[in-house]
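Have a look at the structure below, then the notes.
On a predicted model such as this, the values are computed, not experimentally measured, just so you know.
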Amino acid sequence: VQLQASGGGQVQAGDSLRLACAASGRTFSENVMGWFRQAPGKEREFVAAISWSGGSTYYADSVKGRFTISRDNAKNMMYLQMTTLKVEDSAVYYCAADERRRTTYTGPSYRSRSLYEIWGQGTQVTVSS
């Protein structure tokens, strides 16, 4: 069971990037999935999450309106479209999945790292001014 994040890079402030998370080893079409990020010297923080059905999405206040999380269950993929990037968005971005299937939670639960048992390796996003 593996999650592989990709799509990071070095961009200018105001640019856009699209991160992808490829799941392998099993289907994640019935699992909550999310994106977290960690900047140097800081704790890993919640960025966005999507319910197993894709019908509900959740965002950190700092990215709301700029980032969009989506999933393609047929391809076992999850995405994070990032627009209007800021210097403070620079971090290593991680994708993660909840092992429980077809489970719905209250809103705040999606933001907790403890909800997610499966983590991919990160992809670096660097935004320069």
Side-chain angles (χ1 to χ4, degrees):
V1 176
Q2 188 175 6
L3 298 176
Q4 178 97 18
S6 62
Q10 188 163 359
V11 297
Q12 297 286 320
D15 285 351
S16 299
L17 270 179
R18 188 195 196 203
L19 304 185
C21 178
S24 61
R26 52 164 277 197
T27 177
F28 283 88
S29 62
E30 297 180 335
N31 301 81
V32 169
M33 298 188 74
W35 289 97
F36 286 74
R37 66 187 182 187
Q38 188 167 19
K42 295 188 177 181
E43 289 196 359
R44 192 171 298 188
E45 65 174 3
F46 170 77
V47 175
I50 187 165
S51 63
W52 67 268
S53 67
S56 297
T57 56
Y58 306 85
Y59 297 94
D61 289 342
S62 59
V63 307
K64 200 173 295 183
R66 300 188 297 120
F67 291 10
T68 303
I69 189 172
S70 62
R71 65 191 301 162
D72 184 337
N73 285 340
K75 296 181 179 179
N76 224 14
M77 296 286 294
M78 178 179 64
Y79 305 97
L80 185 68
Q81 179 67 49
M82 306 186 294
T83 63
T84 320
L85 282 161
K86 303 178 180 180
V87 172
E88 51 265 41
D89 293 320
S90 297
V92 177
Y93 283 71
Y94 299 88
C95 57
D98 174 21
E99 280 195 337
R100 291 162 287 266
R101 296 179 176 179
R102 291 182 167 257
T103 305
T104 302
Y105 303 95
T106 59
S109 297
Y110 290 92
R111 304 170 184 270
S112 173
R113 283 185 297 173
S114 62
L115 179 65
Y116 305 88
E117 295 89 0
I118 304 169
W119 291 82
Q121 96 297 348
T123 185
Q124 177 73 48
V125 173
T126 303
V127 185
S128 56
S129 58

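Of the possible donor and acceptor atoms, one in the side chain of Ser90 sits under 3.5 Å from a partner among the backbone N and O of Val87. With hydrogens and angles ignored, the 3.5 Å screen pairs a side-chain donor or acceptor of Asn76 with a backbone N or O of Phe28. At least one donor-acceptor pair under 3.5 Å links the side chain of Thr83 to the backbone N or O of Arg66. When atom types are taken as modelled, the side chain of Tyr105 and the backbone of Leu115 share no donor-acceptor pair closer than 3.5 angstrom.
Taking the side-chain hydrogen bond (donor to acceptor under 3.5 Å, both in side chains) definition, one finds that Arg71 meets it with Asn73, sequence neighbours left out. Residues passing the ring-ring contact (aromatic ring centres under 6.0 Å, His included) test with Phe67, sequence neighbours excluded: none. Annotation: side-chain hydrogen bond (donor to acceptor under 3.5 Å, both in side chains) contacts of Thr68 (sequence neighbours excluded): none. Evaluation of the ring-ring contact (aromatic ring centres under 6.0 Å, His included) rule for Tyr59 yields no partner, not counting sequence neighbours. Every residue meeting the ring-ring contact (aromatic ring centres under 6.0 Å, His included) condition with Phe46, not counting sequence neighbours, appears here in chain and number order: Phe36.
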Given Ile118 and Leu3, is the side chain to side chain contact (heavy atoms under 4.5 Å, CB included) satisfied, shown in steps? CA-CA 8 Å; Ile118 304 169; Leu3 298 176; 3.9 Å; yes
Could you go through Glu45 and Gln38, starting from their C-alpha distance and side-chain angles, then the distance that decides it, and tell me whether this counts as side chain to side chain contact (heavy atoms under 4.5 Å, CB included)? CA-CA 6 Å; Glu45 65 174 3; Gln38 188 167 19; over 6 Å; no
Let me see the working for Leu19 and Val125 under side chain to side chain contact (heavy atoms under 4.5 Å, CB included), right down to the final yes or no. CA-CA 9 Å; Leu19 304 185; Val125 173; 4.0 Å; yes
Report the C-alpha separation of Tyr79 and Arg18 in whole Å, then their side-chain angles, then the decisive distance to 0.1 Å, and conclude whether the side chain to side chain contact (heavy atoms under 4.5 Å, CB included) test is met. CA-CA 7 Å; Tyr79 305 97; Arg18 188 195 196 203; 3.6 Å; yes
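Considering only heavy atoms from C-beta on, Val11 stays 4.5 Å or farther from Thr126 through its side chain. Residues Tyr94 and Arg37 are not in side-chain contact: their nearest non-hydrogen atoms beyond the backbone lie 4.5 Å or more apart. Ser70 is not listed as a side-chain neighbour of Gln81, based on a closest heavy-atom distance of 4.5 Å or more. Between Leu80 and Val47 the shortest side-chain heavy-atom distance falls below 4.5 Å.
Note on Met33 and Tyr110: separate hydrophobic clusters, where clusters join Ile, Leu, Val, Met, Phe, Trp and Tyr whose side-chain heavy atoms are under 4.5 Å apart, directly or indirectly. Criterion: ILVMFWY side-chain heavy atoms under 4.5 Å apart, direct or through other members. Under it, Ile50 and Tyr116 are not part of a common hydrophobic cluster. Tyr58 and Trp52 are members of different hydrophobic clusters when ILVMFWY side chains are connected at heavy-atom separations under 4.5 Å.
The salt bridge (charged side-chain N to carboxylate O under 4.0 Å, His left out) pairs that include a residue from residues 98-107 are Glu30-Arg102, Asp98-Arg100, Arg100-Glu117, where partners are two or more places apart or lie in different chains.
Ion pairing between a basic and an acidic side chain is recognised when a charged N comes within 4.0 Å of a carboxylate O; Lys86 and Asp89 show no such pairing.
A cation-pi geometry, defined here as NZ or CZ lying under 6.0 Å from the six-membered ring centre and within 45° of its normal, does not hold between Arg113 and Trp119.
Nearest heavy-atom pair across Cys95 and Ala5 is SG-CB, 4.0 Å. Nearest heavy atoms, Asn31 versus Thr27: OD1-O, 3.8 Å.
For Lys42, the NZ atom sits in a loose shell: 12 or fewer heavy atoms of surrounding residues, nucleotides or ligands are nearer than 6.0 Å. Atom CD of Glu43 sits in a sparse spot, with 12 or fewer heavy atoms from other residues, nucleotides or ligands closer than 6.0 Å.
Judged purely by distance below 3.5 Å, without hydrogens or angles, the side chains of Ser109 and Thr106 pair a donor atom with an acceptor atom.
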